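Just so it is clear, the model here is predicted, and its values are computed rather than measured.
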Amino acid sequence: MSKQVQIDFELFLDLLDYFEQGGEYQGAEFLAADIRKQLDSKLDKLIARELFTKYKRSPTGAEREAARQAYLNHRGVLRSYRTDEEYHAPEPPEDWNG
């Protein structure tokens, strides 16, 4: 199964412009740097999404925690801001009728 990736329209136009001209025009270096920056950003988002999906779909608690830590590491969340374990909303009281 092949996966598809969507890119911004502006990035598509930049890629089209760059490759149509063959990179042989004034300002091509600037456009190439901008394309690299946008592609790096897209790759970062894809990796973050993959890690988050792995975290949410892991079958065991240990795998889920490892995936959660990998996701937080990728996002750059400092250890001092993390909790030791995943947050779960508290259960409502037994006499709650909501």
Side-chain angles (χ1 to χ4, degrees):
M1 179 174 96
S2 68
K3 291 186 177 185
Q4 295 182 2
V5 176
Q6 293 183 352
I7 61 172
D8 292 333
F9 186 68
E10 292 296 320
L11 175 57
F12 174 75
L13 291 178
D14 288 346
L15 287 166
L16 188 62
D17 189 33
Y18 183 80
F19 285 105
E20 286 280 321
Q21 300 293 327
E24 301 294 326
Y25 61 95
Q26 189 168 356
E29 306 87 33
F30 175 74
L31 185 58
D34 190 44
I35 290 171
R36 279 189 199 95
K37 181 180 170 186
Q38 291 181 57
L39 288 174
D40 284 344
S41 174
K42 182 65 177 181
L43 180 61
D44 185 57
K45 290 175 185 177
L46 288 170
I47 292 169
R49 182 65 183 167
E50 184 67 29
L51 290 171
F52 185 78
T53 300
K54 187 176 180 183
Y55 154 56
K56 286 300 198 180
R57 294 184 178 172
S58 294
T60 66
E63 291 175 354
R64 191 168 35 255
E65 182 58 26
R68 184 176 81 91
Q69 293 300 325
Y71 172 74
L72 293 174
N73 287 339
H74 179 76
R75 295 296 304 212
V77 176
L78 298 174
R79 291 211 177 269
S80 60
Y81 286 101
R82 300 181 191 182
T83 59
D84 289 339
E85 57 186 56
E86 183 178 3
Y87 173 78
H88 296 284
E91 294 290 324
E94 289 183 21
D95 61 342
W96 186 65
N97 295 324

Under 3.5 Å, side-chain donor or acceptor atoms of residues 41-53 against the rest of the protein: list the pairs with distances, not counting sequence neighbours.
{"unit_1": "Lys42", "atom_1": "NZ", "unit_2": "Gln6", "atom_2": "O", "d": "2.7"}
{"unit_1": "Asp44", "atom_1": "OD1", "unit_2": "His74", "atom_2": "NE2", "d": "2.7"}
{"unit_1": "Thr53", "atom_1": "OG1", "unit_2": "Arg49", "atom_2": "O", "d": "2.8"}

Original post:
Who else is in Phe30's hydrophobic cluster (ILVMFWY, side-chain heavy atoms under 4.5 Å, direct or via others)?
Top reply: none
Original post:
With Ile7, which residues qualify under side chain to side chain contact (heavy atoms under 4.5 Å, CB included), at least two apart?
Top reply: Leu11, Phe12, Leu15
Subject >> Pairs where residues 4-15 contributes a residue and the test salt bridge (charged side-chain N to carboxylate O under 4.0 Å, His left out) is met, not counting sequence neighbours >> reply: none
Subject >> Gap separating the CZ atom of Arg64 from the NZ atom of Lys56, nearest 0.5 angstrom >> reply: 8.5 Å
Original post:
Given the rule that I, L, V, M, F, W and Y join up when any side-chain heavy atoms are under 4.5 Å apart, are Leu31 and Phe9 in one cluster?
Top reply: yes
Subject >> Distance in Å, Asp40 CG paired with Ile35 CD1, rounded so as to fall on 0.5 Å steps >> reply: 12.0 Å
Subject >> Pairing residues for Lys54 by the side chain to side chain contact (heavy atoms under 4.5 Å, CB included) criterion, not counting sequence neighbours >> reply: Ser58, Ala67
Original post:
Taking only residues two or more places apart in sequence or in another chain, which ones pass side chain to side chain contact (heavy atoms under 4.5 Å, CB included) with Ser80?
Top reply: Leu78
Subject >> With Arg79 via side chain to side chain donor-acceptor pair (under 3.5 Å) - residues at least two apart >> reply: Gln69
Original post:
What distance separates Leu72 CG from Tyr55 OH, expressed to the nearest 0.5 Å?
Top reply: 8.0 Å
